[in-house]
**Student:** 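So that we are looking at the same thing, I have put the structure below in structure tokens.
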Amino acid sequence: MVKTTVQLGPLTLQNPIVTASGTFGYGVEFADYLDINKLGAITLKSVTLNPREGNAPPRIAETPSGMMNSIGLANHGIDVLMDSILPKLEAFDRVKVIANIAGHSLEENVELAKRLDQVDRVDAIELNISCPNVDAGGLAFCQDLPMVSRLTKAVRKVTLKPLIVKLSASVPDIVALAKTAVESGADILSLINTIPGMDVDIAKKALFFKRGSAGLSGPAIRPIALKAVYDVAQSVDIPIIGMGGVASVEDVVKFLLVGADAVSVGMMNFVRPSLSGELVDQLSAYLVASGETLSTLKLKA
Amino acid sequence: MVKTTVQLGPLTLQNPIVTASGTFGYGVEFADYLDINKLGAITLKSVTLNPREGNAPPRIAETPSGMMNSIGLANHGIDVLMDSILPKLEAFDRVKVIANIAGHSLEENVELAKRLDQVDRVDAIELNISCPNVDAGGLAFCQDLPMVSRLTKAVRKVTLKPLIVKLSASVPDIVALAKTAVESGADILSLINTIPGMDVDIAKKALFFKRGSAGLSGPAIRPIALKAVYDVAQSVDIPIIGMGGVASVEDVVKFLLVGADAVSVGMMNFVRPSLSGELVDQLSAYLVASGETLSTLKLKA
Amino acid sequence: MSQRKQIQIGTVVGQSEVAANTFIISIREPQLVRQVKPGHFVNVSLPSRTNANLLKRPFSIYGTDKEAIQILYKVKGDVTTVMTTLQKGDEVELLGPLGNTFTLPKKKKVLLVGGGIGVAPLIYLYDRLKAHNEVKILHGVRTRQEAMVWANLPVQTHVDEEVGHYVCAGFEKVIRQHEAQHVVTCGPIPMMKEIVEASARAGVSCEVSLEARMACGFGVCLGCVIETKSGYKKVCSDGPVFDGALLW
Amino acid sequence: MSQRKQIQIGTVVGQSEVAANTFIISIREPQLVRQVKPGHFVNVSLPSRTNANLLKRPFSIYGTDKEAIQILYKVKGDVTTVMTTLQKGDEVELLGPLGNTFTLPKKKKVLLVGGGIGVAPLIYLYDRLKAHNEVKILHGVRTRQEAMVWANLPVQTHVDEEVGHYVCAGFEKVIRQHEAQHVVTCGPIPMMKEIVEASARAGVSCEVSLEARMACGFGVCLGCVIETKSGYKKVCSDGPVFDGALLW
Ligand SMILES: Cc1cc2nc3c(=O)[nH]c(=O)nc-3n(C[C@H](O)[C@H](O)[C@H](O)COP(=O)(O)OP(=O)(O)OC[C@H]3O[C@@H](n4cnc5c(N)ncnc54)[C@H](O)[C@@H]3O)c2cc1C
Ligand SMILES: Cc1cc2nc3c(=O)[nH]c(=O)nc-3n(C[C@H](O)[C@H](O)[C@H](O)COP(=O)(O)OP(=O)(O)OC[C@H]3O[C@@H](n4cnc5c(N)ncnc54)[C@H](O)[C@@H]3O)c2cc1C
Ligand SMILES: Cc1cc2nc3c(=O)[nH]c(=O)nc-3n(C[C@H](O)[C@H](O)[C@H](O)COP(=O)(O)O)c2cc1C
Ligand SMILES: Cc1cc2nc3c(=O)[nH]c(=O)nc-3n(C[C@H](O)[C@H](O)[C@H](O)COP(=O)(O)O)c2cc1C
Ligand code: FES
Ligand code: FES
């Protein structure tokens with residue numbers, strides 16, 4: 001057995017395969033398709049203080065080698081998450097659980113972090129400042145560096161759990177954004193969130209999504225995600241969870257090579273629900289076959 | 001026959017189908033595959049003052065539903081263009097010819113525009129300030145609004161031909177960029193150029209392209225391009241040539257609906273060299289079948 | 001560790017065109033056959049065919065035999081177009097059975113009303129109801145070319161060239177005429193709405209099977225919601241079968 | 001208006017595995033058959049199969065018969081994997097013939113040296129040379145499983161398990177031994193370089209056929225360049241056949 005443990009700052013994963021927020025439910029829904037306890041970590045769907053109905057349908061469009069979504073952070077709220085969902089994850093003792101928070105204001109995010117800080121089953125908190133599908137907060141945060149700084153610092157102050165800040169590549173300068181998050185106390189960065197895009201309903205002569213734009217993800221955006229991870233990895237020293245279009249073990253290796261320390265699977269969980277589990281095995285096999293270790297998977301100088 | 005003529009400010013096209021710079025050679029290479037004289041316009045490969053060898057290979061990578069290129073504006077230089085290439089286009093009297101200039105400095109662009117201003121066969125000049133594959137000029141211009149302003153004004157001063165400014169979506173604020181170009185004298189905007197991305201060569205543990213990043217294009221980026229055109233069309237009043245992943249007549253209609261006045265075909269010219277000609281016919285057929293005209297193809301309020 | 005549910009690989013056993021742009025495909029997957037019930041759908045993708053269309057496509061179960069499921073489908077776009085080229089022996093990826101199921105009444109007069117391709121799940125439902133109920137099927141199609149030949153099935157076909165889709169004007173009368181005690185419908189939204197409202201007026205229960213764009217098909221992406229009287233519901237996991245009264 | 005060149009739709013006539021992961025596919029396209037010459041390649045895509053792989057794939061002509069072209073190909077990645085599933089009757093999109101062609105000498109002793117799948121265009125070249133020249137073929141493969149059975153062809157196969165690819169150490173001697181007056185090679189770069197340099201030392205002409213990643217295949221994208229002694233050249237339209245002396 002090859003060693004696959006990775007250390008993301010204060011967070012230890014048994015392997016670098018993670019699932020991305022919003023694409024893996026609360027993990028348990030995937031228990032039929034794979035042993036979720038073999039994953040490095042799962043990231044829960046973004047949570048808000050109050051339940052959110054989310055955006056009006058349609059919420060999904062297929063695009064060439066990708067999809068767009070306009071879910072709008074629909075979720076049951078923090079109470080349901082803590083009372084009914086997190087307890088179900090107690091049964092899985094090896095996989096790490098990342099709770100993703102997406103408050104529309106600084107105060108909401110602080111409150112969410114405070115609450116989650118009390119829960120043992122939460123191993124890390126991911127601060128989602130990059131959702132393109134909401135009117136308040138979301139991507140707007142990411143485009144306002146002083147806000148990113150205040151937000152990160154405020155959340156940092158109320159939790160001792162590992163803090164992940166999730167970035168968008170659809171910003172004026174992702175490196176500046178990453179540095180701001182690091183300086184403000186992030187332990188780990190995750191990137192990228194979906195990219196704003198549009199589709200058109202020709203028959204109706206209308207934008208396909210009610211909000212106009214929606215978030216593009218999947219293999220189509222992989223080249224953009226690889227570049228974002230590379231650019232950020234070149235300029236910050238904290239661990240990175242890379243994502244965007246991961247569909248195969250080769251993609252995992254590519255993200256590791258450009259500087260990610262762990263790799264998250266997003267929309268492909270829908271296409272092949274067993275994928276993340278398969279990637280755990282395939283990555284081990286890849287390391288054995290190539291004679292590499294996770295620490296030698298670096299770009300040659 | 002349905003009316004397909006479009007008026008792009010001072011430039012009249014017999015129909016809104018254009019081919020994108022760098023993907024259609026100098027037109028004549030496609031004469032075997034279609035009647036180039038039936039197109040609205042062809043855009044020539046970017047030209048520079050001196051011949052350019054371009055970037056070291058590899059220059060091409062395939063991506064899911066797209067491709068990346070790192071050609072680096074390889075071209076024979078303005079003299080060869082004027083002396084040997086443009087004369088060959090004299091034979092085609094109905095298609096408009098857009099010459100695309102990509103000098104690495106303000107002075108070079110001014111010189112190029114001056115030279116091309118003298119050539120009757122050039123119907124419009126496209127100022128490419130958005131190529132991601134060169135070290136000097138290119139996308140760097142696009143990210144510097146005062147430079148965009150100086151550049152556009154300087155080129156504007158030396159030519160009376162219709163002036164198109166070609167934008168990238170990989171900028172802090174494409175609307176601000178578009179407005180700057182308009183205020184500085186652009187007659188028409190074209191967008192989007194390729195999006196910077198990366199690929200990795202796993203076997204070599206190296207970035208695939210020697211320059212690291214390369215330009216992503218094709219259907220994969222279509223949602224991003226549609227949004228860019230929509231955003232710009234909402235905020236400026238001059239005509240727009242929309243592009244990014246056009247592969248079918250439905251795509252042409254989508255770009256027209258979000259606010260493009262003409263639509264350019266890029267990488268799909270490689271996949272189906274006859275495509276642009278087919279789109280001319282299919283667009284007419286679409287208009288007839290749907291009872292629309294080019295001027296009714298607007299989003300419903 | 002216990003046996004976990006996997007993505008199933010089925011094998012095409014046969015396929016035929018049964019009406020204009022409408023096909024029945026038969027896919028061998030014995031494990032699935034043992035699990036499916038009327039109302040269920042499967043999420044289909046075509047490995048080695050269209051790999052730019054990543055999302056799976058949902059299709060209702062139209063029928064089963066000993067080892068294979070049947071899907072009745074209409075050509076709509078990318079994937080269904082390519083699906084018509086599948087031949088005996090080709091592999092198909094199947095996720096399922098997904099969704100909830102129709103109520104199975106006993107000793108009732110049941111009326112099944114399908115609009116266009118929406119008839120698909122109703123035929124399978126009929127198959128499971130006929131032994132213990134008196135069942136009739138109405139099938140509305142737009143054009144004569146879309147009409148299908150129903151061997152040994154009590155189907156009445158209505159061709160409605162004008163309206164554009166089969167609208168059951170005066171459907172209350174139809175219910176009374178058949179003395180129906182339970183109605184099930186699947187088809188275009190305006191048709192289903194009409195039928196649900198008529199059933200309510202006639203005081204009989206009415207179930208509908210809905211469609212929506214789906215990414216996952218098993219309740220995690222939250223992409224397939226429709227508006228109901230008690231908020232958004234997921235078509236894939238709260239449905240696709242809904243009590244009509246919840247909708248309109 | 002004169003007849004314009006179109007993208008051709010060919011029909012698969014047959015396909016068989018001839019060595020490990022190596023197939024010969026035969027595609028009917030009479031117009032193409034009339035136009036191709038040794039050295040030409042065609043740009044292939046598989047409509048109704050892999051539509052996320054947009055770019056066409058270049059393959060040399062391996063042979064022709066009355067109405068069909070043959071391609072000898074090795075499974076490398078996405079498209080070639082799917083290509084193996086093509087069956088008789090399936091359609092293939094072909095753009096071609098593309099590129100330049102091999103010189104066709106007369107009354108010479110010619111040595112053709114193929115490394116791995118690089119032997120493909122040389123077999124077609126042999127076919128057109130044999131009547132007027134004395135031709136021998138050397139085929140280097142890495143493993144025994146890759147070796148092919150050559151019926152009625154003067155092929156010498158070298159299996160080179162150790163080195164990893166067929167390197168012609170001391171190739172000058174081979175040239176003299178065969179008294180070759182013209183050498184043609186296609187295969188891995190290090191092998192071709194060795195052969196070009198040995199040919200130069202032996203004072204005989206040497207042509208090579210190169211590969212590169214391509215987007216268009218007909219000279220417009222500028223994506224397929226390789227470095228030569230006189231600057232970048234396009235493999236698709238300046239080549240794929242080059243005078244070895246221009247390269248090394
Ligand atoms: C639970 C369920 C059961 C279904 N059962 C059947 C069945 O038994 N037989 C059958 O033929 N079809 C059925 N459908 C519909 C079927 O899933 C779609 O026709 C199919 O996905 C179209 O795929 P495509 O790639 O051919 O079309 P696409 O290229 O994806 O789309 C073609 C056209 O249809 C539109 N479209 C695509 N999907 C949807 C959607 N979900 N809702 C609204 N518009 C859409 C697109 O905008 C486009 O205009 C069912 C759908 C659901 C949700
Ligand atoms: C002029 C010409 C003639 C050719 N003739 C033949 C032939 O007769 N028979 C034959 O089997 N092959 C031939 N090839 C090679 C063939 O085009 C590739 O093997 C094929 O495109 C691979 O497609 P794929 O989708 O299976 O692999 P991909 O998934 O595209 O790639 C598989 C692997 O090969 C690498 N790769 C892909 N394309 C190239 C390339 N052009 N150069 C270097 N690395 C690459 C990729 O990085 C990847 O690692 C020829 C190539 C050229 C340029
Ligand atoms: C349907 C859907 C819902 C998503 N919801 C969330 C979310 O709630 N919170 C979040 O941080 N990211 C969300 N994302 C973004 C993903 O976590 C991921 O960053 C993005 O999809 C890129 O990865 P991919 O290309 O592998 O999908 C969502 C993505 C999809 C497709
Ligand atoms: C191989 C290649 C070369 C290109 N060269 C140029 C160029 O020289 N000048 C330019 O302005 N744009 C160039 N482009 C960008 C295209 O004109 C177009 O803006 C972009 O590809 C998006 O359109 P598409 O998605 O349809 O390809 C090039 C694109 C490709 C794929
Ligand atoms: S399709 Fe994903 S929740 Fe219904
Ligand atoms: S492949 Fe486009 S120039 Fe050679």
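Residue numbers begin at 1 in each chain, while the letters A, B, ... track the order of the sequences.
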**Student:** Please flag which part of A:Val258 lies under 4.5 Å from any non-hydrogen atom of chain B: side chain, backbone, both or neither.
**Tutor:** side chain
**Student:** Calculate, to the nearest 0.5 Å, the distance between atoms NZ and CZ belonging to B:Lys254 and A:Phe208 respectively.
**Tutor:** 9.0 Å
**Student:** Check whether A:Tyr286 gets within reach of chain B through its side chain, its backbone, both or neither, counting any heavy atom under 4.5 Å.
**Tutor:** side chain
**Student:** For the atom pair CG (A:Asp173) and CD (B:Gln143), what is the distance rounded to the nearest 0.5 Å?
**Tutor:** 9.0 Å
**Student:** So which of B:Ala220, B:Ser290, B:Ser65 has the largest heavy-atom pair count under 4.5 angstrom toward chain A?
**Tutor:** B:Ser65
**Student:** Kindly say whether B:Thr296 contributes a backbone atom to a donor-acceptor pair with the side chain of A:Lys205 at under 3.5 angstrom?
**Tutor:** yes
**Student:** Verify the neighbour count for atom NZ of A:Lys298: are there more than 12 heavy atoms of other residues, nucleotides or ligands below 6.0 Å?
**Tutor:** yes
**Student:** Can you tell if the side chain of A:Pro223 reaches within under 4.5 Å of the side chain of B:Met68, non-hydrogen atoms only?
**Tutor:** yes
**Student:** As an exercise: rank B:Asp199, B:Asp201, B:Asp231 by heavy-atom pairs under 4.5 Å with chain A and give me the winner.
**Tutor:** B:Asp199
**Student:** Side chains of B:Leu257 and A:Leu207, heavy atoms from C-beta outward: is any pair under 4.5 Å?
**Tutor:** no
**Student:** Based on non-hydrogen pairs under 4.5 Å, which of A:Ala228, A:Ala169, A:Gly197 is most in contact with chain B?
**Tutor:** A:Gly197
**Student:** Which atoms of A:Glu292 come close to chain B, meaning under 4.5 Å heavy atom to heavy atom: side chain ones, backbone ones, both, or neither?
**Tutor:** side chain
**Student:** If you tally heavy-atom pairs under 4.5 Å against chain A, which of B:Ile221, B:Thr63, B:Ile195, B:Leu216 wins?
**Tutor:** B:Leu216
**Student:** Does any heavy atom of chain A fall under 4.5 Å from the side chain of B:Ile202, the backbone, both, or neither of them?
**Tutor:** both
